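Take a look at the structure below.
All values derive from a computational prediction rather than experimental measurement.
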Amino acid sequence: MSDDPKDTNLENSISKDNNPERNTSPDSKREVKVTELVANDGILKGKKTDIQNPELWEFPMSYPLSIIGHEGEHDSLLNEVKLILGSQFPDFDLASIEVKPSKTGRFHSARVNLYLTAAEQVNALYAALDDAKTVRLVV
């Protein structure tokens, strides 16, 4: 156990009971799943792929996205991005995905423009891209 007050606050904010869906800790002011990060002194809340300030997002919206793949994964990246976008956005035109190499040619990015209607779409999209083996970075 650290003497750092931030560590103590973090530990006090996380539910200690066996049910991660609810928090029965008397010191807690919000529900937090044990597997999630906690909002406390600048620490992110929710899963790492969740939007952090949903009140700043205005839906519906057009959302440009660049998905950068690992080195040498050009074809695999495009296939995986098509699978993810096709499953989450059935009306999305997969032919509109624009793939470009980096200046050095080592990496490729898939660029898309999505139409989003809810924060849950953003969270699900980033979670799926985070799980994708060919994706290096999403901007």
Side-chain angles (χ1 to χ4, degrees):
M1 178 87 138
S2 169
D3 290 334
D4 185 0
K6 288 181 184 177
D7 291 343
T8 304
N9 290 338
L10 177 65
E11 290 172 8
N12 288 338
S13 298
I14 297 176
S15 172
K16 301 287 191 233
D17 73 332
N18 291 331
N19 184 350
E21 295 299 321
R22 65 183 168 83
N23 186 351
T24 57
S25 172
D27 296 331
S28 179
K29 294 181 182 174
R30 63 178 105 42
E31 287 188 14
V32 177
K33 291 184 181 179
V34 174
T35 59
E36 295 179 346
L37 299 174
V38 181
N40 190 2
D41 297 326
I43 298 174
L44 299 177
K45 67 178 180 176
K47 292 178 280 186
K48 70 177 181 176
T49 56
D50 286 355
I51 12 182
Q52 295 303 308
N53 297 306
E55 67 278 1
L56 299 178
W57 292 64
E58 292 184 26
F59 294 99
M61 67 186 297
S62 180
Y63 191 70
L65 194 66
S66 288
I67 304 161
I68 302 166
H70 290 289
E71 189 172 358
E73 296 283 349
H74 170 260
D75 294 329
S76 302
L77 172 69
L78 183 57
N79 289 336
E80 197 163 25
V81 167
K82 283 182 177 181
L83 285 172
I84 292 168
L85 295 179
S87 67
Q88 293 191 10
F89 301 92
D91 296 335
F92 179 73
D93 179 15
L94 297 175
S96 70
I97 299 173
E98 184 180 330
V99 178
K100 290 192 172 191
S102 64
K103 289 180 183 179
T104 62
R106 289 179 53 198
F107 304 97
H108 284 80
S109 67
R111 297 177 184 184
V112 298
N113 195 14
L114 300 172
Y115 183 75
L116 302 174
T117 57
E120 292 78 24
Q121 285 181 307
V122 179
N123 295 340
L125 175 62
Y126 275 96
L129 291 171
D130 186 54
D131 289 340
K133 296 188 183 340
T134 60
V135 174
R136 177 182 177 96
L137 179 69
V138 179
V139 185

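No donor-acceptor distance shorter than 3.5 angstrom exists from the side chain of E73 to the backbone of T134, with no hydrogens or angles considered. Formation of a donor-acceptor pair under 3.5 Å by the N53 side chain with backbone atoms of E55 is not found in this model.
Expressed to the nearest 0.5 Å, how far NE2 of H74 lies from OG of S109 amounts to 9.5 Å. Atom CZ of R136 and atom CG of L77 lie 12.0 Å apart (nearest 0.5 Å). Atom CD in E98 sits 8.5 Å away from atom OG in S66 (nearest 0.5 Å). Here the straight-line distance linking atom NZ of K133 with atom OG of S76 works out to 12.0 Å at 0.5 Å rounding.
Members clustered with V139: I68, F107, L137, by chain and number, using a 4.5 Å side-chain heavy-atom cutoff among hydrophobic residues. In this structure, Y115 stands alone, with no Ile, Leu, Val, Met, Phe, Trp or Tyr side-chain heavy atom under 4.5 Å from its own, directly or through other members.
H70 pairs by the ring-ring contact (aromatic ring centres under 6.0 Å, His included) definition with nothing, not counting sequence neighbours. Evaluation of the salt bridge (Lys or Arg N to Asp or Glu O under 4.0 Å) rule for D130 yields K48 as partners, not counting sequence neighbours. The side chain to side chain contact (heavy atoms under 4.5 Å, CB included) check on L114 picks up L65, L85, F89, F92, V112, L116, L125, with sequence neighbours excluded. Here N123 pairs with D50, I51 under the side chain to side chain contact (heavy atoms under 4.5 Å, CB included) rule; sequence neighbours left out.
Closest of all the heavy-atom pairs between I84 and A132 is CD1-CB, 4.0 Å. Residue P101 comes nearest to G105 through the heavy atom pair CB-CA, 4.4 Å, listed as atom of the first residue, atom of the second, then distance. Minimum interatomic distance between Q88 and A124 (heavy atoms only, all atoms of both residues): NE2-O, 3.3 Å.
Criterion: ILVMFWY side-chain heavy atoms under 4.5 Å apart, direct or through other members. Under it, L83 and I97 are not part of a common hydrophobic cluster.
Relative ring orientation between W57 and Y63 is described as tilted, the plane-to-plane angle lying within the 30° to 60° band.
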